[in-house]
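First up is the structure itself, then whatever we jot down about it.
To find a chain, count down the sequence lines: A is the first, B the second, and so on, and within it residues start at 1.
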Amino acid sequence: MRREVAEKLASLPPDERVLLRPLVDTSRGFYVMAGVFGAISLLGLVSYILQVRYGLGRTGLNRPGYWGIYIICFVFFIGISHAGTLISAILRVSKAEWRRSITRSAELITVLVIGFGAIQPVIDLGRPDRVLNVLLHAQWRSPLLWDVISIGLYFMSCTIYLYLPLLPDLAIIRDSGIKAPRFYRFLAAGYTDTPVQRHRLERAIGVLSIVVIPIAVSVHTVIGWIFAMTLRPMWHSTIFGPYFVMGAIYSGIAAILVAMAVLRRVYHLENYFKVVHFDYLGRLLLILSLLWFYFTFAEYLTAFYGGEPGEMRTFWAKLTGTFAIPFWAMVLGCFVIPLALMSRQATRTPVGTTIAGIAVVIGMWLERYNIVVPTSVNPRWEVESIGHYLPSWIELSIMAGTFSGFILLYMIATKIVPIVSIWEIKEGRAVVQEVADRVAKYSESYA
Amino acid sequence: MRPTRREFLWAMGATAASVGLRWSSDLVWAPQVPDDLGWAPGTEQFVNSACLICPARCGIRGRVVDDRLVRLGGNPFHPMNAGGLCPRGIAGVQMLYHPDRIASPLRRVGERGADSWEEIGWDEALGQLGERLQSLRATGRPEALALMAGYCAGSMHDLWRQFLRSYGSPHYVAEDYDDGTSAVMELMHGIARRPGFDLERAGFVLSFGSPLFESWWSPLQAFAAFAGPDGSDDGRTRFVQIDTRFSRTAAHANDWVGVRPGTFGVLALGIAYVLIRDELYDAGFVERHVSGFEDYTDREGERRQGYRSLVMRNYRTEEVSALTGVPVARITALARAFAQAEHSVAVFGHEVTHAPSGLLSGLAVHSLNVLMGNVGREGGVLFGNDPPLDPLPDPRIDAVARAGLERGSLARTPAPFGGGDPASRFAAAVGDSPSETIDTLLLYYANPLASSPRPDAWREALERIPFVVSFSPFLDETTAHADLILPDLLAFERWQDAPTPVSYPYPVWGVARPLVAPPPGGKHAGDAMLAVARQLGGSVAASLPYDNVELLLKARARGLFRARRGMTLGDAFELEHHRQMEERGWWLPEHTEFEAFWDELVQRGGWTDLFLDETDPARLARTPSGRVDLTPAPLLATLAAAGRGGALYMDVAETSAATTDEFPLRLLPYRVSTLSSGTVALERWLAETPGLFPEVHWDPWIEVAPATAEAQKLGDDTMVWVVAASGRYRARLKVFPGTAPENVCAPYGLRHPDGELANPLQLLDGSSDALTALPNWSTTFVRLEPA
Amino acid sequence: MTRWGMVIDLDRCTGCAACEVACKSENNIATVPPHQAEMGRVMSWMRVLAHTVGDFPDTHLEFYPRPCMHCDNPPCIKVCPVRATYIDPEGIVGQIYPRCIGCRYCANACPFTVKYFNWYGPEWSDSERQHLNPDVSPRTKGVIEKCSFCHHRLQRAREQARAENRDVREEDYQPACAEICPTRAIVFGDLDNPTHHVAELKEDPRAMRIMEDLGTQPKVYYLRARR
Amino acid sequence: MIAQRLRDTRGRVRPYLVLALGIALIAAVVLPVIALGSSRVPQPVAFNHLKHTQDLGLGCEFCHPYARTRAHSGLPDVTTCSMCHTSPQGTSAEAARVTELITAGDLLRFNKLFRMPDHVFYTHRRHVAIAELSCETCHGDIAHTERPPVRALVKVDMDFCLDCHRKQGATLDCNACHR
């Protein structure tokens, strides 16, 4: 850190001092990690170039295992993207005061991960050079097209929804002059935090946070429908829309927890990501793990009761057959571990919730695997032989590349914007009395 | 409006991206077929010819577009396959255009088998061969020339024989697919000829293990019969398959019966028992035309048991059931169905005779046909006749040749009623003789190193032969050991006649003619040998006075023109019309000029005569008594001399070694429909999906019962070693419920994708039927080990 | 209205696979190298599927030669985002290769799994290229392909009929599999034209369709084996 | 002016602008040149359509004999040319060269200029003989060219086909033409 920057930083109020520090102070560890993730991303890029050059044959996909890692990651990433927007929007709409420090990191996850989710189907295309055909020759009955539209809309609204609450903070950075003045002047777009501006901003955020919720719901519903609209066993199910939305929120919360734990540690944000935040999010996780179990149970029970031979082949393949290990690992990650850890106050600590969060993230990835692969390789017709799918190293490196690409971008983002919303924290302090009054109003007796 | 930097960059990026996408479209995604600036008029022709890939010799029709053969289908004029064709035939285009084809003659440079060759011209190559042959004759050793031929029928067979005889060599060795049926026919009917089975007109076909729908003499013949006339459901033949494994024929036949290996004969006699017990057999026929049915007194005045007593005493259904594993009710039902159908025929081949009591089992099975009187008549067993071709001129045999021929064959006939496997015996004999006893070996469509059950004997024999010439257009195992390769033209580039196999009871003389022009520098093996004969001059040249094979065929076809019977191929109506005319004693010539006749014959794809004179007594038996003999005396005498008792049919049950702990599973080799020895790599379409199993591609496999696989802890689709006392080979294990738990069913002639052979025949124990010298195919025991 | 369809008589089928190979030959279907085949990437628009039931000697076989079913209500065409697969007015479900983006959604939507994907581009040596059928375009890598009922033959038949000023007759248009079948188990024609053989056969009491209950209305009928 | 733009207000070179311009140059000039350059169709001799069709009054089908009967209309080869050009015709150097080439035994293989992608089912017979379209519809004014064009005169793409099919009321079904 240059001296004048350090001086400027030291002259700022305490919130700014802590929260803007990562923007100007970068450790060697950061560069090392960025280098590692950059290298892995590069590996993914090279793998993709190889895949384009030689064809999708370089993957482990086959007939009937037509879909694999890419589609799994697509569903998974888009699911994670519900982290942010949906959580922060719901919390904002419901005026949950504890949200103030966590919304920014969640929204950042959303915007960055959507991009990596949205490119997965393109990576999966046999002819990516014809990707524009989807727009030029659109076929409106295809859920894939609905998906393109709803993801496009979601991406745009989430970007705005990330940007608007950033404005006051950008203005703060611009005014502090600690970093790239022209850049932040451009980004802050003339915001000066006048009462009129503040009022308009809050109204816009309020409207957006309501608009974004149905869009977010539609995105994962449509992704569920991509599967549900086919006549394949264990896909053709009405539960898929809500099940996917619920799963998305679940994996989103888990992802936020993991991100928060990391940020808290590396940027020393213990005063912002407090134990209570982990506790509250842990409670949410607990509720969602039960909800997950409820949905999963309902899905499998109905399939089992119907007992159609085509369905049962896939059903047993998951429960006891080829896919038993990923299936029960999923149950462990999505249900057993979070339930065990989150149902007790003693384990709803930052460490406990992080462990549960990691378990859920892995579990939810496995859930996508257990949805995509077993049905794909188990044709409905028993005369047709059962396929097998083993991802190739090309697929695995592309997956690793997209994961590390996301992490890398997230790391870089923490160097550009404050990861905790400064103005909202300040606003939170300012409205304590107002909130107390509001809370008091809830319990007013009939006077 | 002035574009901002951002807009400018964005627009630039978008342009670059879209140009890039389109550009990559051509570069990265363009189809592999090059965009040809040239053009072709797209002329399309359909040409009739004959398939030379397997012994069935079906009629084919090729679609030729601009001198490229793009599709093969069946010739609808051909009475045997009537427009249908099997996958092997269809895939012939891949053989024709195979990238590994040898284009010109090759001479070995460097070590034998080291795969280093130099290309030479035909004149030089034939000159070298001619000189070698000339010098052998000059030194008075014409018998040092030998020919090893694969399946070879018709005029090419005659041409080779003529060449060798006039040259003076007795060594015409052929893989002649001997299945012992001609020995059965000779003993019972006095006719030394493989039987024809008139499946199409039969009402009920009882097949004893014959792979009718897979790899029989002519699967298309069976298909036509199975389909029935005109595709209508009336009068369709009913097929019942008796088999030791759930073969594809068993799977698609109307019904199937599983039996224990080696008990075909027992089951046949069990059926005979029911026929006799319930008086279902054709007593009139038996009385008029059969001897040995009742007890009789032989020439020495000894009282002997006839067929009836033998069967009634020894083959009661309960006992047969215990031996064969077929329930009594099933045997009875089979016998009744066999007896009730209008024409029923029992079909058998090497699956029955390649067993310790193979000949006796063959006799037992064929006795069913005799009991029902279904011999020498429509819908039964027929002894077809050959098309009335003009023979080749009598070979001129000069003194050198005579001396050579008199020195005789190296390998003696080892058994009283058959020659067994002459190729292996020849190889063994060469191995036992001093080096250079055979100086020059010609290989014609033979790859013994891969297909022989005794490749070691061949390897040793080849080492003792200084000069090996192969006519193979592909570099197979044996060809790789050759000194000179004279690549023959492929099936769709050459003239050759294609007589249908004997299993088809009506003579059809198909003519294969070039569908596409041969490659420059290609040469027909027949033409090459005619050229060598000319080069040798003298009696050899005089014996083969033809410029090329086309003219040879044309000359022989004059016999058909003069025969006053038969017709050039035609559609179903023409064929039937002609047959009925001949039945009524009419025959009208189609042509007055031979040239016109020949042109039409070639254009239609061949000649046939579907009329069969059932009244000719010689069609039934040419034994001294003129009757079909159920207890042939020569066989009885041989059995008695061998101490096997004086009664026939007594030891048809196999008495082979039982399983041991070391080798607990019985090996049952079989041939798959689409592939035969060593052709796997040639036709990729077939290799991709070779069998009944959708998951097996390219790899050779073995079939094992689920219980067996589980007991041995071997998983489905894993690679295993099949280990016998004499060796082992690698194959993919397929768990298959259609295999009996004590057996391992192994297709032979397959290769791994890398060319490694998987030939279960090489594991056989080497034992044979003492009467025919035919090898035993079901007496070898193996174990499986993970590979 | 013309509705092209197929009736396959399982009683006549001998499982010889002539239809499979004839189809590969007619439609320039690329073969894949052995290790690719092992992965399950073999393309075979027509495939004789077999399923063995019961232990020796009471074994029997359930089998179906399976082309594309050319459903009247095809699940594949609904999900294609670019209209690369569609049903034409005469009921043939077409696959338009230059339009296909290779997302394989149709392949997953098809309950009969008859869609094949070009994982790599086709590989032919110069000599093998000689036997390519000039009437059918070879596919590039990265697109879906499937049985087209040999509709290139219909194109030619239509033109010929037009030149002769008449309608397309039953014998003018036969796919390669129906043409080659040695036992005439595969019959092809217009299901709605009472003079065509298939129209009669589809009413046979033995007639059925695979997974009829899904309501996709396949136009390939099977006649149950009687044996 | 561009040079000005490339420098910012302080006169420093704007590197990203230079880069962008470079990309634009490649995109706009180099790639099309590569793409088009490879698609130039060479011919063995500089055939003069105008001379043959107008001055000599030969019909199209004289040299393109299958236009009414087959898929491909056919191109002339040495046998067609030899009808006249075995002896020197006219005064042009190219005509003299044709005679030379014929005498030397050259096959005179002309190359296709108007090419259909292989996934299109197109026959001349259907369009010329049955639908009675004139050659100019798709081939433009080729009959009046004096030198062989190196690129097709009319861009026959799917839009071109469909426009005409729409006007003529011909089929618009994909399967009718895609194969």
Side-chain angles (χ1 to χ4, degrees), chain A residues 52 54-67 71 121-122 124-148 226-227 229-233 235-236 308 310 372 375-377 379-385 387-390 392, chain C residues 32-33 36-44 47 49-51 53 61-64 66 75-86 96-121 140-144 210-211 213-216:
Chain A
V52 170
Y54 294 104
L56 273 177
R58 284 292 164 105
T59 64
L61 299 167
N62 56 57
R63 196 193 81 92
Y66 287 112
W67 282 347
I71 298 297
V122 180
D124 190 55
L125 287 189
R127 296 292 305 257
D129 58 315
R130 293 183 185 160
V131 68
L132 292 179
N133 280 7
V134 177
L135 302 174
L136 299 176
H137 307 287
Q139 202 274 106
W140 299 102
R141 282 188 298 175
S142 171
L144 214 55
L145 191 76
W146 311 342
D147 214 61
V148 170
I226 287 184
F227 300 99
M229 296 302 171
T230 65
L231 288 169
R232 302 293 295 268
W235 281 2
H236 189 52
E308 279 183 59
V372 174
T375 297
S376 209
V377 301
R380 182 174 204 109
W381 193 23
E382 67 274 19
V383 176
E384 175 78 74
S385 53
H388 48 85
Y389 166 69
L390 207 69
S392 72
Chain C
V32 299
Q36 293 282 307
E38 206 50 55
M39 289 179 76
R41 289 173 174 179
V42 170
M43 291 184 274
S44 193
R47 180 85 179 98
L49 290 184
H51 184 61
V53 199
L61 188 75
E62 233 184 287
F63 66 97
Y64 300 87
R66 184 205 48 194
C76 58
I77 72 166
K78 290 186 224 164
V79 300
C80 177
V82 296
R83 238 182 275 263
T85 183
Y86 85 112
I96 308 303
Y97 314 123
R99 173 68 62 82
C100 177
I101 58 172
C103 67
R104 308 187 296 292
Y105 196 0
C106 58
N108 262 333
C110 174
F112 308 95
T113 46
V114 297
K115 295 231 163 183
Y116 296 84
F117 186 73
N118 284 273
W119 301 100
Y120 288 113
T140 65
K141 77 178 172 198
V143 298
I144 287 278
I210 306 170
M211 293 190 277
D213 51 326
L214 293 182
T216 64

Can a donor-acceptor pair be found between the side chains of A:R127 and C:T140 at a distance below 3.5 Å? yes
Please identify, among C:C76, C:A109, C:P81, C:A107, the residue contributing the most non-hydrogen atom pairs under 4.5 Å to chain A. C:P81
Chain C interface, residue from A:G60, A:G387, A:P121 that has the most non-hydrogen pairs under 4.5 Å: A:G60
Indicate the atoms forming the closest heavy-atom contact of A:D124 with C:R104, along with that distance. OD1-NH2, 2.5 Å
Whether the side chain of A:S142 engages the backbone of C:V79 through a donor-acceptor N/O pair (distance < 3.5 Å, no angle test) should be reported. yes
If one checks every heavy atom of A:L136 against chain C at 4.5 Å, the contacting part turns out to be neither
What distance separates A:S392 OG from C:M39 CE, expressed to the nearest 0.5 Å? 7.0 Å
Closest-packed option against chain C by number of heavy-atom pairs under 4.5 Å, given A:L135, A:L61, A:L56, A:I71: A:L61
Whether A:Q139 side chain and C:V82 backbone form a donor-acceptor pair below 3.5 Å: no
Check the orientation of C:Y64 and A:W381. Use parallel for under 30°, tilted for 30 to 60°, and perpendicular for over 60°. tilted
Heavy-atom proximity to chain C below 4.5 Å, by part of A:W146: neither
Proximal component of A:P64, with respect to chain C [non-hydrogen, under 4.5 Å]: both
Looking at side-chain heavy atoms only, is the closest gap between A:R63 and C:F117 below 4.5 Å? no
Do C:Y105 and A:P143 touch side chain to side chain, with heavy atoms closer than 4.5 Å? yes
Under 4.5 Å to a heavy atom of chain C? For A:I226 that would be both
Residue part contacting chain A, namely of C:P75, when any heavy atom lies under 4.5 Å: side chain
Could you have a look at A:V122, A:L144, A:V148 and say which one has the most heavy-atom pairs with chain C under 4.5 angstrom? A:L144
Is there a side-chain contact between C:L214 and A:R380, using heavy atoms and a 4.5 Å cut-off? yes
For C:T113 and A:P379, the nearest pair of non-hydrogen atoms, with its separation, is CG2-CB, 4.1 Å
Short question: side chain of C:R83, backbone of A:A138 - any donor-acceptor pair under 3.5 Å? yes
Contacting moiety of C:A50, where chain A heavy atoms sit under 4.5 Å: backbone
For C:R66, which atoms come within 4.5 Å of any heavy atom of chain A: side chain, backbone, both, or neither? side chain
Interchain contact, C:I77 with chain A, by part (heavy-atom threshold 4.5 Å): both
Using non-hydrogen atoms only, which part of C:C110 is less than 4.5 Å away from chain A: side chain, backbone, both, or neither? backbone
For A:S376 and C:N108, work out which heavy atoms get closest and say how close. OG-OD1, 3.2 Å
Looking at side-chain heavy atoms only, is the closest gap between A:V131 and C:I101 below 4.5 Å? no
Given 3.5 Å as the limit, does a donor-acceptor pair link the side chain of A:R141 with the main chain of C:K78, or not? no
Counting distance only, does the side-chain N/O of A:W67 pair as donor-acceptor with the main-chain N or O of C:C103 below 3.5 Å? yes
Between C:Y120 (side chain only) and A:G55 (backbone N and O only), is there a donor and an acceptor less than 3.5 Å apart? no
The interface call for A:T59 against chain C, heavy-atom contacts under 4.5 Å, is both
